[in-house]
Enquirer: 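Provided herewith is a single structure, encoded as structure tokens, for subsequent inquiry.
All values below come from the heavy atoms of this structure, side chains included, with hydrogens, waters and symmetry mates left out. Proteins get letters first, then strands, A, B, ... in listed order; numbering begins at 1 in each.
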Protein chains: 2
Amino acid sequence: MAQKVKLSTIAEALGLSTATVSLALRDSPLVADVTRDRIKEKAIELGYIYNRRAASLRTSRSGIIGVVVHDIMNPFYAEILKAIETELDRSRQTFILSNHYDSVEKQRNFIETLLQLGGDGVIMSPAIGTPASDIRLALDNGMPAILIARSVPEIDVPTFRGDDAYGTALATNHLISLGHTRIAMIGGTDHTSTGRDRYAGYANAMKKAGLELDPALRIPGPRTKQSGFEAAVNFLANPLKPTAAVCWNDLVAIGLMNGIARAGLVPGKDISVTGYDDLEEAAIATPALTTVWNGQSEVGRFAARALLDKLNGSSEADGLHLIKPEMRIRQSTTPLNPGAGR
Amino acid sequence: MAQKVKLSTIAEALGLSTATVSLALRDSPLVADVTRDRIKEKAIELGYIYNRRAASLRTSRSGIIGVVVHDIMNPFYAEILKAIETELDRSRQTFILSNHYDSVEKQRNFIETLLQLGGDGVIMSPAIGTPASDIRLALDNGMPAILIARSVPEIDVPTFRGDDAYGTALATNHLISLGHTRIAMIGGTDHTSTGRDRYAGYANAMKKAGLELDPALRIPGPRTKQSGFEAAVNFLANPLKPTAAVCWNDLVAIGLMNGIARAGLVPGKDISVTGYDDLEEAAIATPALTTVWNGQSEVGRFAARALLDKLNGSSEADGLHLIKPEMRIRQSTTPLNPGAGR
DNA sequence: TAGATTTGTTTAAACGTTTGAATCGGGGCC
DNA sequence: GGCCCCGATTCAAACGTTTAAACAAATCTA
């Protein structure tokens, strides 16, 4: 590997100063056109590589943005990330991605690393139990933060997520309108604002329709296919078997449908199932999954924009922004079959 | 936001020099125990944040490692990434993740960005058509590279991937042993080494068994569920309908099974299907998918280790390392049903 | 007791950029 | 001809660390 090529290498080769070279490479109007061209040519010829750490040490802008979510493998976040990526790419920001797997500690490590690297900002879906102080750590050190998918108590930064109570109410009402009365709710926990909201939407819809809220019909659990698959056993063991299920998300719903099929019943016919998120996968599941579109791409896009706006000095977007979910009706929900559920 | 706290802030507060503070914070034996404790205490009290860009400017080690793959949303890569993450976390390296979506340009941008940030190394699954010069760009600037999943002609860096020809041969032979003779191969392209290898494994197994290689039975396509789902139509329209299919990967296989089910046939019974990769999802699909384990976690782990070794000066691992795939037999493959396939 | 060693700390230069202020050689203006 | 201004370029300091080398004081050693 040849000697490192830096500004001064180019400067010396041309008999100029590093200042001129620096300005020229950044298209400053201060340097003569002809000089700029000579400099740029030489830079390419020598294989010059801009040293961002040196630059950012001087300018205190690194061009790095951090994004941390529960699990990037989860298609729900993956769709959000894709939207963020598209938006940030446009403004030539590098982004650093991390999972926290709901470990507050891993999340704080990430924030600290990002501060050390001089990150310009952070977009995060906070881990369960995130203390306000962890967000303030970023804020106090001049690194703006945007929240997605979940809120953190006492923190008032721009926050984007779906209107969960409204969304599960949509799904529940859909099932009620099909004649179902014993409707289970599967997956998720009550330890997050999302969890509480989703349950509230379901519970309110049930009450409003005059239906009984049987605690045995609430089966909490992780938010994975595996968990939905396993819940099927529990679900089908219930003596008064439910005829329909509102699932935490599409993954749980697909897992549940697989579990139902494995038990010899026909999902969508014997038991109606709704998902949540409307992942790409929902449409090609068998049967095609009725679900609630949760606006992941909107969340990602808005979050990225809000951060870029903040970096440019505006702060209009503070506070909570809810995206209204929409029903996507497919084949996994059908009118109550009077013979089923016994 | 208060004034920035730096080494000199701590130094002044304690009447010491920045050198002492710098050494103390890094647990150098050069500084007295009592002094070190005072310094560390003060650092916490003042909320000191280590500035890595300044440090790395001096040391030329940034602690940043880049990872670029086709698509992090793809569970195949996601499993590799998880293994890499686990391994790198252990040695406190920050990693920057990116998709190239098989765009050589996006990939080169990533390499350039990483160089600008002073990345210590890069692990990549090269985009289709990656020129050797793009890898050399990294190498020539002192940034070691490791390849996963695919090779690049003329490049001899440590490369880790599954033995694809062997793997598809396993799957094909399994189907042949069940009595199938009209076996399709679905998904993938011939533009990558992986693609050619997988086809070769299938083709050789067919020939060796004395079976005809009907070009109509080769249905190339993207490596997604969607694509498998769509291929079902094409597949079932064949007048001499195949009775079994070797799929490019589990996603294609699951999509294909959904498509078969949608057409009113029973996957695994009317038509046998094999996947590739053995994703978590394969085991809970309906029917549970027979597939080929491709050692993603091994690939990720080995790649990360190889890079860390390189950074520590060793270079033993140069060249290609193949991981031997293994068959995972489940319910999606059954003996040929003489009535089917007509 | 003088010199050598050890222990703990400081000095100062370096890493590669950016940028406000300074310089320089011409013109144009009155 | 003196003055000011202009465009193009350079000077030099700064960003916050690290580290080789120097230093000072205390402790050994012969």
Enquirer: A side-chain contact here means heavy atoms from C-beta on lying under 4.5 Å apart; do A/Leu311 and A/Arg61 qualify?
Expert: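 Heavy-atom side-chain distance check passes, below 4.5 Å.
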Enquirer: Of all heavy-atom pairs between A/Ala83 and A/Ser297, which one has the smallest distance, and what is that distance?
Expert: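 Minimum heavy-atom contact is CB-O, 3.4 Å.
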Enquirer: Starting from C1' on D/dC11, measure out to CG on A/Leu16 and report it in whole angstrom.
Expert: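 Rounded to the whole Å, the gap is 14 Å.
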Enquirer: What closest approach, in Å, do B/Val31 and B/Thr20 show between heavy atoms, and which atom pair accounts for it?
Expert: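 Residues B/Val31 and B/Thr20, closest heavy atoms: CG1-O, 4.3 Å.
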Enquirer: Is the A/His321 ring parallel, tilted or perpendicular to the A/Phe160 ring (thresholds 30°, 60°)?
Expert: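 Because their plane-to-plane angle is under 30°, the rings of A/His321 and A/Phe160 count as parallel.
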Enquirer: Name the closest nucleotide to the B/Val31 side chain, picking from C/dG16, D/dT18, C/dT9.
Expert: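 When the side chain of B/Val31 is considered, C/dT9 is the closest of C/dG16, D/dT18, C/dT9.
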Enquirer: A/Thr59 side chain to A/Ala55 main-chain N or O, any donor-acceptor pair under 3.5 Å?
Expert: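 The answer is yes, because a donor-acceptor pair under 3.5 Å joins these two groups.
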Enquirer: Can you tell me which nucleotide in D/dT9, D/dG16, D/dT18 comes closest to the side chain of A/Leu30?
Expert: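 The closest nucleotide is D/dT9.
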Enquirer: Just to be sure I understand the geometry, which residues of residues 32-48 of chain B put a non-hydrogen atom under 4.0 Å away from DNA chain D?
Expert: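 Contacts with DNA chain D under 4.0 Å: B/Tyr48.
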Enquirer: Quickly work out the A/Leu57 CG to D/dG16 P distance and round it to whole Å.
Expert: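 It works out to 7 Å between those atoms.
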Enquirer: Can you tabulate the close N/O pairs, meaning under 3.5 Å, that link protein atoms to atoms of nucleotides 26-28 of chain C?
Expert:
none

Enquirer: Going by the rule side-chain hydrogen bond (donor to acceptor under 3.5 Å, both in side chains), which residues pair with B/Ser62 if we only count those two or more places apart in sequence or in a different chain?
Expert: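 For B/Ser62, the residues satisfying side-chain hydrogen bond (donor to acceptor under 3.5 Å, both in side chains) (neighbours in sequence not counted) are B/Asp120.
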Enquirer: Just by modelled atom types, is the B/Ala149 backbone N or O under 3.5 Å from a matching donor or acceptor in the B/Thr194 side chain?
Expert: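 Judged by distance alone, yes, a pair lies under 3.5 Å.
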Enquirer: Which whole-number value in Å describes the distance from A/Tyr50 OH to C/dC15 P?
Expert: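 Taking atom P of C/dC15 as the reference, OH of A/Tyr50 is at 18 Å.
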Enquirer: Which pairs would a plain distance check flag for residues 41-48 of chain A, meaning a side-chain donor or acceptor within less than 3.5 Å of a matching protein atom at least two apart in sequence or in another chain?
Expert:
none

Enquirer: Check nucleotides 25-27 of chain D for protein N or O atoms closer than 3.5 Å to its own N or O atoms and list the pairs.
Expert:
none

Enquirer: What integer distance in Å separates B/Leu25:CG from D/dT17:C1'?
Expert: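 Checked: the CG to C1' distance equals 11 Å.
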Enquirer: Let me see the working for A/Asp33 and A/Arg36 under salt bridge (charged side-chain N to carboxylate O under 4.0 Å, His left out), right down to the final yes or no.
Expert: CA-CA 5 Å; A/Asp33 291 1; A/Arg36 169 170 47 253; 2.9 Å; yes
Enquirer: NZ of A/Lys6 versus P of C/dA14: gap in Å, rounded?
Expert: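 The distance from NZ of A/Lys6 to P of C/dA14 comes to 11 Å, rounded to the nearest Å.
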Enquirer: In whole angstroms, how far is the P atom of D/dT17 from the CG atom of A/Leu117?
Expert: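 Rounded to whole Å, this separation is 13 Å.
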Enquirer: Distance from A/Leu57 atom CG to B/Ser56 atom OG, nearest 0.5 Å?
Expert: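 Reported value, rounded in 0.5 Å steps: 9.0 Å.
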Enquirer: Check whether any side-chain N or O of A/Thr86 sits under 3.5 Å from a backbone N or O of A/Lys82 as a donor-acceptor pair, and report yes or no.
Expert: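 Pair found, side chain donor or acceptor close to backbone of A/Lys82.
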Enquirer: Using whole Å, report how far CZ of B/Arg53 lies from C1' of D/dA14.
Expert: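 Atom CZ in B/Arg53 sits about 14 Å away from atom C1' in D/dA14.
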Enquirer: Which whole-number value in Å describes the distance from B/Arg52 CZ to D/dT18 P?
Expert: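 Answer to the nearest Å: 12 Å.
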Enquirer: Taking A/Pro126's backbone N and O only, do any of them form a donor-acceptor pair with A/Arg150's side chain (distance below 3.5 Å, no angle check)?
Expert: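 Indeed, once roles are kept as given, a pair shorter than 3.5 Å links the two residues.
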Enquirer: Any side-chain heavy atom of A/Ile64 sitting closer than 4.5 Å to one from A/Ile96?
Expert: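 Yes, close enough: below the 4.5 Å cut-off.
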Enquirer: What pairs of nitrogen or oxygen atoms, one from the protein and one from nucleotides 19-23 of chain D, lie under 3.5 Å apart?
Expert:
residue: D/dT19; atom: OP2; partner: B/Arg26; partner atom: NH1; Å: 3.2

Enquirer: Which atom pair, heavy atoms only, marks the closest approach of B/Asn99 to B/Val68?
Expert: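 So the minimum-distance heavy-atom pair works out to C-CG2, 4.3 Å.
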